[in-house]
Amino acid sequence: MNKIIKIALIAIGLIAAGLWFALPDAEDPEAINSGAMGAMFAVMYILLAIAVVTTVFFGLKKLLSTPGSIKKALFGLGGLAIIVAVSYGLSSGNEAVVTEMAGRGIETTEGTVKNVGMGLNVFFILTAVAVVLMVVPGLKKMFVK
């Protein structure tokens, strides 16, 4: 099976390399409509589809075959849902931001501003949690010895 995958990857690499050299000049205004560019996008979409399908398949296989993993996954999803809910509560649909964006010619609503704020809050909370989960065990090892 590994030999087949290696041969397929070599073939895809050679096809992509050939398409790379067939690409038109960057200054060509019709470059995006060239056949080589379309073929490169097709190869990219095929590889992306293969990666997504295999990731989902093997992830679900591992999830369903390992005892207790569904419970852990549900706890993780519940924790993420709590973080999203807290982040949404902390964000505000500030009217001043909506007015400023409208002044720049970007139409937006308070709901959009609130959703962007929620996304930023989720990012900051998850980043803080990741940093704490990396630093605390290191500090614990350093001082417990």
Side-chain angles (χ1 to χ4, degrees), residues 1-139 141:
M1 183 69 172
N2 280 343
K3 257 188 174 180
I4 295 170
I5 292 173
K6 285 181 183 179
I7 292 170
L9 288 175
I10 290 171
I12 290 170
L14 289 174
I15 291 169
L19 290 171
W20 177 265
F21 289 111
L23 287 174
D25 193 31
E27 284 84 31
D28 184 9
E30 294 295 317
I32 194 70
N33 296 327
S34 72
M37 184 71 75
M40 294 265 304
F41 278 119
V43 168
M44 184 221 25
Y45 288 135
I46 289 168
L47 291 175
L48 181 63
I50 291 170
V52 168
V53 167
T54 55
T55 301
V56 169
F57 173 75
F58 287 113
L60 288 175
K61 182 180 170 190
K62 179 80 170 178
L63 183 71
L64 297 175
S65 65
T66 307
S69 63
I70 293 178
K71 184 179 177 183
K72 287 181 183 179
L74 290 175
F75 275 128
L77 288 174
L80 183 62
I82 289 170
I83 289 173
V84 168
V86 167
S87 296
Y88 189 77
L90 291 174
S91 65
S92 66
N94 195 341
E95 182 64 35
V97 175
V98 174
T99 307
E100 178 66 29
M101 296 301 275
R104 294 181 182 189
I106 302 170
E107 290 301 317
T108 187
T109 63
E110 287 187 35
T112 304
V113 173
K114 190 165 178 93
N115 285 339
V116 169
M118 176 200 63
L120 290 171
N121 288 340
V122 167
F123 173 75
F124 294 142
I125 291 171
L126 291 178
T127 301
V129 168
V131 168
V132 166
L133 289 176
M134 287 188 291
V135 169
V136 167
L139 291 175
K141 274 186 180 178

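The shown structure was predicted, so the numbers you read here are calculated from the model rather than taken from an experiment.
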Please report the shortest heavy-atom distance between [X] and [Y], naming the atom on each side.
X      : Y     : result
Lys114 : Ser91 : NZ-O, 2.9 Å
Asn121 : Ser87 : ND2-O, 3.4 Å
Met40  : Leu23 : CG-CD2, 4.4 Å
Ala22  : Ala36 : O-CB, 3.7 Å

In Å, rounded to the nearest 0.5 Å, how long is the span from [atom1] of [X] to [atom2] of [Y]?
X      : Y      : atom1 : atom2 : value
Ile10  : Ile15  : CD1   : CD1   : 12.0 Å
Ile82  : Ile125 : CD1   : CD1   : 11.5 Å
Leu90  : Leu120 : CG    : CG    : 12.5 Å
Leu77  : Ile70  : CG    : CD1   : 11.5 Å
Ile12  : Met44  : CD1   : CE    : 13.5 Å
Asn115 : Glu110 : CG    : CD    : 12.0 Å

**Study point:** Contact check, side chains of Phe75 and Lys71, non-hydrogen atoms, under 4.5 Å
**Key:** yes
Point to revise | Polar side-chain atom of Thr54 near backbone of Ala51 as donor-acceptor pair, under 3.5 Å | key: yes
**Study point:** Candidate list Val129, Val135, Val136, test side-chain contact (heavy atoms from CB on, under 4.5 Å), partner Leu133, passing option
**Key:** Val129
